[in-house]
Number of protein chains: 2
Amino acid sequence: MVQVLTKVRAPARAEPGKARIAPKTELPLGQILAGDCVEAMRSLPDNCVDLIFADPPYNLQLGGDLNRPDGSHVDAVTDDWDRFDSFATYDRFTRDWLTEARRILKPDGALWVIGSYHNIFRVGAILQDLGFWILNDIVWRKSNPMPNFRGTRFTNAHETLIWASQGEKAKYHFNYRAMKTLNDELQMRSDWVIPICGGQERLKKGGHKVHPTQKPEALLYRVMLATTEKGDVVLDPFFGTGTTGAVAKRLGRDWIGCERETGYRDAALERIEMALPLDESALTTMQSRKDAPRVAFGALVEAGLIAPGTQLFDKQRRWTATVRADGSLESGKEIGSIHGVGKVLQGAPSCNGWTFWQITHEGADKPLDALRQLYLLSVED
Amino acid sequence: MVQVLTKVRAPARAEPGKARIAPKTELPLGQILAGDCVEAMRSLPDNCVDLIFADPPYNLQLGGDLNRPDGSHVDAVTDDWDRFDSFATYDRFTRDWLTEARRILKPDGALWVIGSYHNIFRVGAILQDLGFWILNDIVWRKSNPMPNFRGTRFTNAHETLIWASQGEKAKYHFNYRAMKTLNDELQMRSDWVIPICGGQERLKKGGHKVHPTQKPEALLYRVMLATTEKGDVVLDPFFGTGTTGAVAKRLGRDWIGCERETGYRDAALERIEMALPLDESALTTMQSRKDAPRVAFGALVEAGLIAPGTQLFDKQRRWTATVRADGSLESGKEIGSIHGVGKVLQGAPSCNGWTFWQITHEGADKPLDALRQLYLLSVED
DNA sequence: AGCCACTATGAATCACCGA
DNA sequence: TTCGGTGATTCATAGTGGC
């Protein structure tokens, strides 16, 4: 049953003198706390993190084996950590970690939780009961989901994220301009098309995936770009193989993880060690409408086709420019879209940035448009 | 003797002796029951409807008026207790109508509920608590949502539907082939792109919309096509201006509505009166193979389409087998049905012999299934 | 090199009838 | 009620190997 057992504290808006904000120096930044996440969070002070991203067990309740039509076996999520006796047990677990999360979250911090229909309705109801205020539910539309092999239901092609603040009146951070820039000058919608995690990004060991449910970095990239600032502290209570940490490092955010399993912790630390932080200029995102670029290529940056910090150049190599995290471009004092910067540099009345700017990709120089074609192929539906 | 195994009958709608299924003649088909939906549903017998589609209100706890169960008025929602109280009120309301819905729904019936992040998590958790079994959550992705004017959040561009059966082991109906056909021969996914209701379809009176949240008919069309058969009874506890009734009439389904407000009832009746039912042939949908007559492999041998002694082989020609006079198959030491032998040879948990085994027929290699089709044509009248 | 064929796999609550 | 037999059912990527 979804119900609140104890009355929750007032939702907390940062009022000077009422809540002490813990300084970052007291925090285990860049560390993975071993053990149960509730215990781990108990070791942290009140009001100390800016964002919590949580990917809790989904309580899938899978039955027997499943085979594809060709007879091959589907590798299901049967790990111990996803087994709960009942909805009541799962609800208790959920209430426990959400309660602790609420305590360590700053008054103007935000919570993100991802889940599927197996668990997300319970999580959503409980976090509302605890006083969190839902700002959006976000649909991650998978461009390449696993089919329904037996033809018994609709292809389960999405997962749901909930974005919530500490309370109805609580402040929160939303980088509206960065999101709009990332989405080709259209407001970012509540449905995001992102491929599942595979290929080079998927952590493997001995030919096998290290974690059964590794999330794509593009998902975390958008979450953090939308709702944190550079230097913010991001905590992930179900750290797994550290996607949250890797993206936080790339984006210049500090991170804290909680993870019970040694194998996941080791893989995460090694992975984050290798992650390269973006440089200062690449991290600067659009702040106001005045600098607003018209960009159609933020999605390529997010998808990892173009890394923030990448140098672009024109065919004659008269100018170069640097790609920033939200898909804007910087060249000397000029900042804007790929089109706008190209126009100003050339002193031309207009410029098509897709054909003007060149990029070195797989050892060859190509116009940006070549990468756009690649991207379109990858997300078309 | 030519033998066709019994054609699959229309799936029985309940276990005989387990529950009495009310005959349709006892039901108020094509009527809108006035008043509160819980009261209205109480007037209906157990196990009497095949589908319930519900679009419940979700703004009870916010802004406007809020009444406690005893009828007293709740002041503006400003403190925690009141907020909790409003969720509790909404939960009680939800549990009440879902409980009654569960009673009148047939054992193999299905429930659909639509909502937004304001209420859908509570509805989903409660229906799970009541024993409903979620089959899919569906995202209605609006092609033309209202923008977020203040730029404070992501554009709220979708709503969520939950599709649930009576329980984990309950049967349910899913017209897989019809959905696949509707989606250009790809499995229908859990995210549906459908425009919001506007234009000619939107009911207006004196220049104003009659109902604030009229749903597009395309949405109901897909729901009913996917999970009901012609002649099924569809009930909508929050009938509004009758989208459910209009689509049910169009698709040859019977309907029952519940609606408190006279204005909505009048508009709905007028609207449904004008709706044109599709003719018989247009209503015929793609049948799944499972509904086709069953043919025993032996019948093809008997009919002379396949001679005893014929060699069969798999696509990669790893194995061969010989057809025997009684329709059994022999491959080395293995003897049995086309399915059983294929299963053992591959070491697979199961095998569809019709698609696994190939045969040389009229100079070309074909799966056995091709001959089955020929056979079906030859015995059809 | 480039193209094609073939294989592998991903958070999945994945049949149903008759004896 | 359990058990066994029949037979229905997959999409987008990534990777590998042959020609």
Check: Is the shortest side-chain N/O distance from B:K171 to OP1 or OP2 of C:dC16 below 4.0 Å?
Finding: no

Notebook entry, point to check: Since syn is defined as within 90° of 0, does C:dT13 count as syn or as anti?
Noted result: syn

Item checked: OP1 or OP2 of C:dT13 under 4.0 Å from side-chain N/O of A:N156 -> yes

Item checked: Pairing partner (Watson-Crick or G-U wobble, both distances under 3.5 angstrom) of D:dA8 -> none

Item checked: C1'-based separation of D:dG15 from C:dA11 [nearest Å] -> 23 Å

Check: If only side-chain N and O atoms of B:Y176 are considered, is one of them under 4.0 Å from the OP1 or OP2 phosphate oxygen of D:dT10?
Finding: yes

Margin query: Hydrogens and angles aside, do A:H158 and A:D191 bring a side-chain donor and acceptor to less than 3.5 Å of each other?
Written below: no

Next item on the list: Report which part of the nucleic acid A:G198 touches: base, sugar-phosphate, or nothing (heavy-atom distance under 4.0 Å, all strands).
Entry: nothing

Margin query: What I want to check is whether the side chains of B:T355 and B:D369 have a donor and an acceptor closer together than 3.5 Å.
Written below: no

Next item on the list: With heavy atoms under 4.0 Å as the rule, sort A:P216 into base, sugar-phosphate or nothing.
Entry: nothing

Margin query: With a 4.0 Å cut-off on N to O distance, would you call A:R271 and A:E217 a salt bridge?
Written below: yes

Next item on the list: Could you check how far CZ of B:F174 sits from C1' of C:dC16, rounded to whole Å?
Entry: 17 Å

Next item on the list: Identify which nucleotide among C:dT13, D:dT10, D:dA8 has an atom closest to any side-chain atom of A:D70, counting heavy atoms from C-beta outward.
Entry: D:dT10

Next item on the list: Using a heavy-atom cut-off of under 4.0 Å over every strand shown, decide if B:L186 touches base, sugar-phosphate, or nothing.
Entry: sugar-phosphate

Margin query: Please report the distance, rounded to the nearest Å, between CZ in A:F149 and P in C:dT13.
Written below: 11 Å

Next item on the list: For residues A:W140 and A:W192, establish whether the separation of their ring centroids is below 6.0 Å.
Entry: no

Next item on the list: Would you kindly compare A:R150 and A:T155 by the position of their nearest DNA chain D nucleotide and give the one closer to the 5′ end?
Entry: A:R150

Check: Does the ring of B:W133 lie flat against the base of C:dT13, closer than 5.5 Å centre to centre with planes under 30°?
Finding: yes

Margin query: With nearest nucleotide decided by heavy atoms, which residue, A:V77 or A:T152, maps closer to the 5′ end of DNA chain C?
Written below: A:V77

Next item on the list: Look at the side chain of B:W354 and decide which nucleotide, out of C:dC14, D:dA8, C:dT9, has an atom nearest to it.
Entry: D:dA8

Check: Base, sugar-phosphate, or nothing for A:D82, non-hydrogen atoms under 4.0 angstrom?
Finding: base

Note to self: Between P on C:dA12 and NE2 on A:H158, what's the gap in Å once rounded to a whole number?
What the structure shows: 13 Å

Margin query: Please give the distance between the P atoms of C:dC14 and D:dT6 as a whole number of Å.
Written below: 24 Å

Check: Using a cut-off of 4.0 Å on non-hydrogen atoms, how would the nucleic acid contact of A:Q200 be classed: base, sugar-phosphate, or nothing?
Finding: sugar-phosphate

Next item on the list: Give me the one residue out of A:W81, A:F239, A:F238 that meets ring-ring contact (aromatic ring centres under 6.0 Å, His included) with A:H211.
Entry: A:W81

Checklist line | Touch class at under 4.0 angstrom, heavy-atom based, for A:S116 against every strand present | finding: nothing

Check: Mind checking who C:dC4 pairs with, Watson-Crick or G-U wobble, both distances under 3.5 Å?
Finding: D:dG17

Item checked: A:R153 side chain, from C-beta outward: closest of C:dA11, C:dC14, D:dT13 -> C:dC14

Notebook entry, point to check: Reckon A:W140 touches a base, only the sugar-phosphate, or nothing at all at heavy-atom distances under 4.0 Å?
Noted result: nothing

Note to self: Side chains of B:L135 and B:Y172, heavy atoms from C-beta outward: is any pair under 4.5 Å?
What the structure shows: yes

Notebook entry, point to check: Are side-chain N/O atoms of A:H118 and A:S116 paired as donor and acceptor at under 3.5 Å?
Noted result: yes

Check: For the side chain of B:R372 and the base of D:dG7, is some donor closer than 3.5 Å to an acceptor across the two?
Finding: no

Margin query: Quick check on DNA chain D: between A:G199 and A:P147, whose nearest nucleotide comes earlier from the 5' end?
Written below: A:P147

Next item on the list: Assign B:C351 to base, sugar-phosphate, or nothing according to its heavy-atom contacts below 4.0 angstrom with the strands shown.
Entry: base

Check: Over how many whole Å does the gap from B:I134 atom CD1 to C:dT13 atom P extend?
Finding: 11 Å

Next item on the list: In plain terms, say whether A:D36 and A:R260 are close enough for a salt bridge, that is, a side-chain N and a carboxylate O under 4.0 Å apart.
Entry: no

Check: Is the shortest side-chain N/O distance from B:S337 to OP1 or OP2 of D:dT6 below 4.0 Å?
Finding: yes

Checklist line | Whole-Å gap separating P (C:dG10) and CD (A:E201) | finding: 14 Å

Notebook entry, point to check: Taking only side-chain nitrogens and oxygens of B:K180, does any of them come within less than 4.0 Å of OP1 or OP2 of D:dT10?
Noted result: yes

Next item on the list: Flag the pair B:D365 and B:K315 as a salt bridge only when some basic side-chain nitrogen lies within less than 4.0 angstrom of an acidic carboxylate oxygen.
Entry: no

Margin query: I'd like the C1' distance from C:dA1 over to D:dG18, given in whole Å.
Written below: 14 Å

Item checked: Separation of D:dA12 C1' from A:N148 CG (nearest whole Å) -> 16 Å

Item checked: Nucleotide forming a Watson-Crick or wobble pair with C:dA12, both distances under 3.5 Å -> none

Checklist line | D:dG7 and C:dA12, which share atom name P, separated by this distance in whole Å | finding: 30 Å

Check: With sugar-phosphate meaning primed atoms plus P, OP1 and OP2, does A:K215 contact a base, only sugar-phosphate, or nothing at under 4.0 Å between heavy atoms?
Finding: base

Check: Contact class for A:D79 (heavy atom, under 4.0 Å): base, sugar-phosphate, or nothing?
Finding: nothing

Checklist line | Spacing of A:L66 atom CG relative to D:dT10 atom P, expressed in whole Å | finding: 13 Å

Next item on the list: Measure from CG on A:N67 to C1' on C:dA15 and round the result to the nearest Å.
Entry: 13 Å

Margin query: Heavy atoms only, 4.0 Å cut-off, all strands: where does A:G115 land among base, sugar-phosphate and nothing?
Written below: nothing

Next item on the list: Provide the distance between the two P atoms, one in C:dT13 and one in D:dG4, to the nearest whole Å.
Entry: 28 Å

Check: OP1, OP2 of C:dA8 versus side-chain N and O of A:R202: anything below 4.0 Å?
Finding: no

Check: Does B:H339 make a side-chain N or O approach to OP1 or OP2 of D:dT6 shorter than 4.0 Å?
Finding: no

